[in-house]
Amino acid sequence: MSVVEQDEPTPPSSVPLHRRLPGGRTLRDGRRLYWWGEIIAVLAFYGVYTFIRNLHHGNPQEAYEHALDVIRWQKTLGINHEQAIQAWALGSRTFIIAANYFYGSLHFIVTGGVMVYLYRKWTNDYPRWRNTLGIATGLALIGFAFFPLLPPRLLDPHTYAFVSHDFGFVDTLAKDPAFWSFNSGAVSKISNQFAAMPSVHCAWALWCACALVPRVKHVWAKVLAVVYPITTVTVIVVTANHYFLDAVGGFFVFGVGYVTARIFTRAGRGPAVATAVTPTSTPVSLLTDSPGVPAPGSQ
């Protein structure tokens, strides 16, 4: 009887199984993502963002001067129609209440849902879109710090004595039912009400649309994705929380975030790597007792 041990073939480049933790997904380039790690990272990032956003509220007089600048720029561009649009919308209290709830909730719900969808269905694309959202949100902090802006709902002499006249805006979050109001409880004390330029609501909404449209299959889903940022712009105007140029600023930081993330994100975009398979350590034995089967090399 002759026994010959065959060398194991060289395994393809892969991710060692012993380094993997539970609850993860392997990208095409072998990198690993963990849903629990993503949740921790997102919550930590948003916590830091919120802290920095609300750390310095800015000077109300300066914010008012910036509001006058924005109104003047919009008049030059022919888009200074927020007050007229809100006055028309106030004719339907049902519409205003729906806008209040939309403004106070959907930017979290929809954005979170899209992140989960990308992670589960388009895992290789997820890191780039996650980074896009993070960069755009971080860039918004620069606008908040260097361009504090009095939103339309605060252009009221009863709110600030230095406001020259009543611009005719209504704070719908305070007047009609909503999840919360800037004028109530802890929100009024800690929230930076001058963090209006750019509109993070609009940046996130456009992020959702651009991430979904090429990936969802049904036409109705694509239409909803396109309508979402349009509806968001409408809502921020009819609730008097933003100017049209705030929306433009939000779309701008999204664009910068997307380009930056596309340049620097590597996860999920490298060459495909084979999935590691536990090798068989038992040597292959060729038993040559059987008649008519010669042992290799024994001629």
Item to complete: Apply side-chain contact (heavy atoms from CB on, under 4.5 Å) to Ile236 and Phe102, showing your working.
Response: CA-CA 9 Å; Ile236 66 171; Phe102 185 108; over 6 Å; no

To the nearest 0.5 Å, how far apart are [atom1] in [X] and [atom2] in [Y]?
X	Y	atom1	atom2	answer
Tyr258	Ile263	OH	CD1	11.0 Å
Thr234	Ile85	OG1	CD1	7.5 Å
Tyr101	Thr239	OH	OG1	14.0 Å
Leu206	Thr132	CG	OG1	11.0 Å
Leu150	Asp156	CG	CG	10.0 Å
Leu90	Ile96	CG	CD1	4.5 Å

Item to complete: Check the pair Thr232 / Trp204 against side-chain hydrogen bond (donor to acceptor under 3.5 Å, both in side chains), numbers first and verdict last.
Response: CA-CA 10 Å; Thr232 300; Trp204 289 12; over 6 Å; no

So for atom [atom1], which belongs to [X], do other residues, nucleotides or ligands contribute more than 12 heavy atoms lying within a distance under 6.0 Å?
X	atom1	result
Phe252	CZ	no
Trp73	CH2	yes
His165	NE2	yes

Honestly curious: do [X] and [Y] fall in one hydrophobic cluster under the side-chain, below-4.5 Å linking rule?
X	Y	value
Leu141	Leu55	yes
Trp36	Tyr46	yes
Ile71	Leu77	yes
Phe108	Val42	yes
Phe169	Val238	yes

Over all atoms of both residues, closest heavy-atom pair of [X] and [Y]:
X	Y	result
Phe194	Leu154	CE2-CD1, 4.0 Å
His242	Glu82	O-CG, 4.1 Å
Asp166	Leu155	OD1-O, 4.0 Å
Gly249	Pro198	C-CB, 3.2 Å
Cys202	Val233	SG-CG2, 3.9 Å
Leu106	Tyr228	O-OH, 3.4 Å

Do [X] and [Y] touch side chain to side chain, with heavy atoms closer than 4.5 Å?
X	Y	answer
Ile97	Thr172	no
Thr137	Trp207	no
Met115	Glu38	no
Leu118	Val114	yes
Arg128	Tyr126	no

Discussion item. Among residues at least two apart in sequence or on other chains, which ones pass side-chain hydrogen bond (donor to acceptor under 3.5 Å, both in side chains) with Tyr64?
Written reply: Ser164

Worksheet entry | Identified side chain to side chain donor-acceptor pair (under 3.5 Å) counterpart of Asn241 within the set His201, Arg153, Gln193 |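 When His201, Arg153, Gln193 are each tested with Asn241, the side chain to side chain donor-acceptor pair (under 3.5 Å) holds only for Arg153.
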
Worksheet item: Do Phe254 and Phe251 have their ring centres less than 6.0 Å from each other?
Response: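 No; Phe251 has its ring centre 6.0 Å or more from that of Phe254.
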
Fill in: Sub-6.0 Å ring centroid separation between Tyr160 and Phe162
yes

Within the distance-only criterion (no hydrogens, no angle test), does the side chain of [X] pair as donor or acceptor with the backbone N or O of [Y] below 3.5 angstrom?
X	Y	result
Asn54	Phe51	no
Asn131	Thr265	no
Tyr119	Trp35	yes
Asn124	Arg28	yes
Lys222	Val213	yes
Glu62	Pro148	no
Gln86	Val170	yes
Gln74	Tyr243	no

Practice prompt. Could you go through the side-chain contact (heavy atoms from CB on, under 4.5 Å) check for Arg130 and Leu33 one step at a time?
Written response: CA-CA 12 Å; Arg130 176 244 285 145; Leu33 291 179; 3.7 Å; yes

Fill in: From CA spacing to verdict: side-chain hydrogen bond (donor to acceptor under 3.5 Å, both in side chains), Trp122, Tyr117
CA-CA 7 Å; Trp122 300 86; Tyr117 171 76; 3.2 Å; yes

